[in-house]
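Quick caveat, the model's predicted, so the values are computed rather than measured.
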Amino acid sequence: MELLSRDTNTKLKKTAKGQNVVLAGLSLMPTPTLCPSSKAAQCFDDCLKHSGFAGVYKTVNIARQKKTDFYMNDRDAFLSQLRRELTNLEKYAKKHNKKPIVRLNVLSDIKWEQHDIPQQFPNIFFYDYTKRADRLGNTPSNYKLMFSYSGASRYRKQVNKALQTDTPITVVFRGGLPTEYLGRTVIDGDKSDLDNLKHKGKIIGLRVKGNDAKKSNSPFIVDSNLIAVGG
């Protein structure tokens, strides 16, 4: 079982398109343990775990669950294999004169910096979305984060903390993207994560994905038709 994958995630493919990069992602099946802020943010039920290929092929989430079980039940072996795969990815990228880029939390929110993974691979660029505001500004220079918004009341302290930084904040919108939200300019974030990371101090607008999520009333999703002018 390989942990890292390429060309199996729509957003990863969009991000890598037209770039001289080799981009890989780690897709674990999310759990409240692996996504500790999901309860406060009320986003777990509307997670992307059921969108894309996972909504068509049951084998996708079966594979993700096996990886999660591996991580939870044999952490040392999991991390050893991850290091081997990252080493091979780095060698492959160097051979083909490309930049290696990795997203370790495609569907999870693990503090990989505490596992010393980015630190051990300074030539690989890592990036992720996170709902854990305490991670912002506390990752190695080769590991960049975007903060993921939710309007849930119990999550407000995390949002306020994120707004005190210039970290790009991603917001999922239903009904199109507004021009401004939370006092920040909104840019279209559905094209490339690498571009999104450059937009410090901006809102990264993402359109809601998945049929169930489109019908959801979760505060994780913002209805742009109900936003007052100025957000």
Full working for side-chain hydrogen bond (donor to acceptor under 3.5 Å, both in side chains) between Q120 and R83: CA-CA 9 Å; Q120 293 179 12; R83 292 186 186 99; 2.8 Å; yes
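D193 and Y127 share a side-chain donor-acceptor pair at under 3.5 Å.
Within the 4.5 Å cutoff, the side chain of V172 has no heavy atoms near those of the V222 side chain. Between D128 and I110 there is no side-chain heavy-atom pair separated by less than 4.5 Å. Between T87 and L89 the shortest side-chain heavy-atom distance does not fall below 4.5 Å. Looking at heavy atoms from C-beta onward, Q119 lies out of side-chain contact with Y143 at the 4.5 angstrom threshold.
Looking at every heavy atom in both residues, Q81 comes nearest to F70 through OE1-CE2, 3.4 Å. Closest heavy-atom contact between R156 and L182: NH1-CD2, 4.4 Å. Between I124 and L86, the shortest heavy-atom contact is CD1-O, 3.7 Å.
Remark: R6 is positioned above the aromatic ring of Y92, its terminal NZ or CZ atom under 6.0 angstrom from the ring centre and at most 45 degrees off the axis.
The aromatic ring centroids of Y155 and Y149 lie 6.0 Å or more from each other.
Shown are S148, S37, S150; of these, the side chain to side chain donor-acceptor pair (under 3.5 Å) with K131 is made only by S148.
Ring geometry for H115 versus Y71: interplanar angle over 60°, hence perpendicular rather than tilted (30 to 60°).
A salt bridge links D109 to R135: one of the charged nitrogens lies within less than 4.0 Å of a carboxylate oxygen. D188 and R207 are joined by a salt bridge, as a carboxylate oxygen and a charged side-chain nitrogen come within less than 4.0 angstrom of each other. Ion pair D166/K202 not flagged as a salt bridge, since none of the NZ, NE, NH1 or NH2 atoms sits closer than 4.0 Å to an Asp/Glu carboxylate oxygen.
In this structure, CG on L107 lies 9.5 Å from CG on L26, to the nearest 0.5 angstrom.
T165 contributes a side-chain N or O that, together with a main-chain N or O of A162, makes up a donor-acceptor pair within less than 3.5 Å.
Annotation for N160: atom CG counts as buried by contact number, over 12 foreign heavy atoms lying within 6.0 Å.
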